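As structure tokens, the structure follows; a few thoughts come after it.
Per chain, numbering begins at 1; letters A, B, ... match sequence-line order. Values in this document were obtained by computation on a predicted structure and should not be read as measured data.
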Amino acid sequence: MSCTRWARAISFGTTLLLAAAGAGARPIVFADSAVVMAEYGAGNTREIQVFYAPRHFFSLGAGHLELDTVGDIPHEVTYARLNYLAKRWNMEGAQANVFVWGGVGSAFIGAFTPQVLQPGQAPLPGHGHGGSQEPGEVPYRRESFRETAWNAGGQIDYETLRIYTSFKTDTHRSSTVSHRVDSLQFGFSPYGHEVDSLAAWLIVSGRRYSGDQAEGDEVALLLRLFRKNTWVEAGATLDGEVRAMAMFSF
Amino acid sequence: MWVGFLLLAGAAQAGTIEMSVHGLVCGYCAQGVEKSLRKYPATRDVVVSLENKLVVVSTLAGQDISDGELAKAIKDAGYDLKEIKRTDRSMDEVRMQVGRLAK
């Protein structure tokens with residue numbers, strides 16, 4: 001990871017921790033509650049979400065997702081979303097849930113179009129991205145645009161006071177953007193905890209990125225800390241990329 | 001006169017309601033249940049213990065929350081009420097049991 005990326009990760013992580021210290025993660029936490037979630041994903045994904053749950057089984061809100069593709073070309077999606085608790089199983093000392101969600105928003109795409117310069121011709125406005133300006137060579141001209149984007153996903157989880165496991169899938173699609181993340185998490189807490197005590201979890205997270213923006217698998221080891229209304233998770237992928245997430249409820 | 005005073009004092013004692021609840025596994029669960037129960041004007045204090053799967057409510061002197069209202073509060077929070085017991089334990093005793101005296 002470059003120095004710039006480390007600086008961005010540290011800056012974003014600090015922001016998350018500060019936000020979490022004053023404010024909370026899960027699309028629905030409890031009835032008549034709001035939740036703010038922010039995530040920094042392995043150097044190429046940043047997302048923030050805000051939801052309000054009038055009842056314990058649904059929440060409404062909005063989110064903003066930033067994706068870096070090859071060459072750090074930004075793709076951003078701002079969306080409104082409805083989250084719905086489709087099913088919950090309450091057991092003695094355990095709980096399992098099925099969440100689904102969907103929404104619509106606007107995708108911003110920072111595209112790059114090849115531009116062949118003729119002798120004496122100046123690059124078009126917006127020229128950049130390290131392209132050559134020599135005649136006959138192919139620099140790139142940035143052309144940005146917006147379009148409607150859809151998102152959908154779901155999560156199945158099972159949790160006790162000592163064990164956590166979940167599978168989550170999340171997709172964003174427009175005519176240009178196609179981005180999907182499938183996540184599988186296993187976690188355990190080394191000690192029992194109560195409402196007022198600090199809960200600590202060790203999490204192994206596997207992710208598969210697919211679509212036009214990112215492709216590949218990722219495994220990360222994370223430490224999750226949770227106390228009262230603040231939830232913070234941080235760690236690194238096996239490739240040494242930082243991953244962090246924070247959630248605050250109020 | 002003393003008999004009347006003692007009867008009055010007995011009637012004015014705060015009640016303690018202990019509930020066994022399924023599905024309590026996280027701090028958010030506890031917050032949701034507590035928030036739901038605190039909406040009742042008769043609620044004086046609430047203690048939730050995740051390890052003990054226990055929700056305890058104390059009511060204001062001379063007031064009560066019906067079993068139906070308690071069941072609704074737990075259900076509206078998203079959890080399953082399994083048992084209700086009305087006891088004479090103080091909230092300090094409850095906190096002692098669940099290790100949450102230092103609130």
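With a 6.0 Å radius and a threshold of 12 heavy atoms from other residues, nucleotides or ligands, B/Lys39 has its NZ atom above the threshold. Crowding of A/Arg162 atom CZ: a count of heavy atoms from other residues, nucleotides or ligands under 6.0 Å exceeding 12.
Looking at A/Ala31, both its backbone and its side chain come within 4.5 Å of chain B, counting heavy atoms on both sides.
Using a distance-only test at 3.5 Å, with no hydrogens or angles considered, a donor-acceptor pair links the side chain of A/Asn90 to the main chain of B/Gly78. At least one donor-acceptor pair closer than 3.5 Å links the side chain of A/His56 to the backbone N or O of B/Asp76. In this structure, B/Glu51 contributes its side chain and A/Glu194 its backbone to no donor-acceptor pair below 3.5 Å. A donor-acceptor pair under 3.5 Å links the side-chain atoms of B/Lys35 to the main chain of A/Asp32, judged by distance alone.
Residue-level contacts of residues 179-187 of chain A with chain B do not occur; threshold 4.5 Å between heavy atoms.
When each of A/Leu161, A/Leu85, A/Thr160 is checked for heavy-atom pairs under 4.5 Å with chain B, A/Leu161 comes out on top. Of the residues considered (B/Asn52, B/Val25, B/Val21), B/Val25 shows the highest number of contacts with chain A, using heavy-atom pairs under 4.5 Å.
A distance of 12.0 Å separates CD of B/Gln31 from CZ of A/Phe250, quoted to the nearest 0.5 Å. Separating the CZ atom in A/Arg88 from the CG atom in B/Asp80 is a distance of 9.5 Å, to the nearest 0.5 Å. Here the straight-line distance linking atom SG of B/Cys26 with atom CH2 of A/Trp231 works out to 11.5 Å at 0.5 Å rounding. A distance of 12.5 Å separates CD of A/Gln95 from NE2 of B/His22, quoted to the nearest 0.5 Å.
Taking all atoms of both residues into account, the shortest heavy-atom contact from B/Tyr28 to A/Ser249 is CE2-OG, 3.1 Å.
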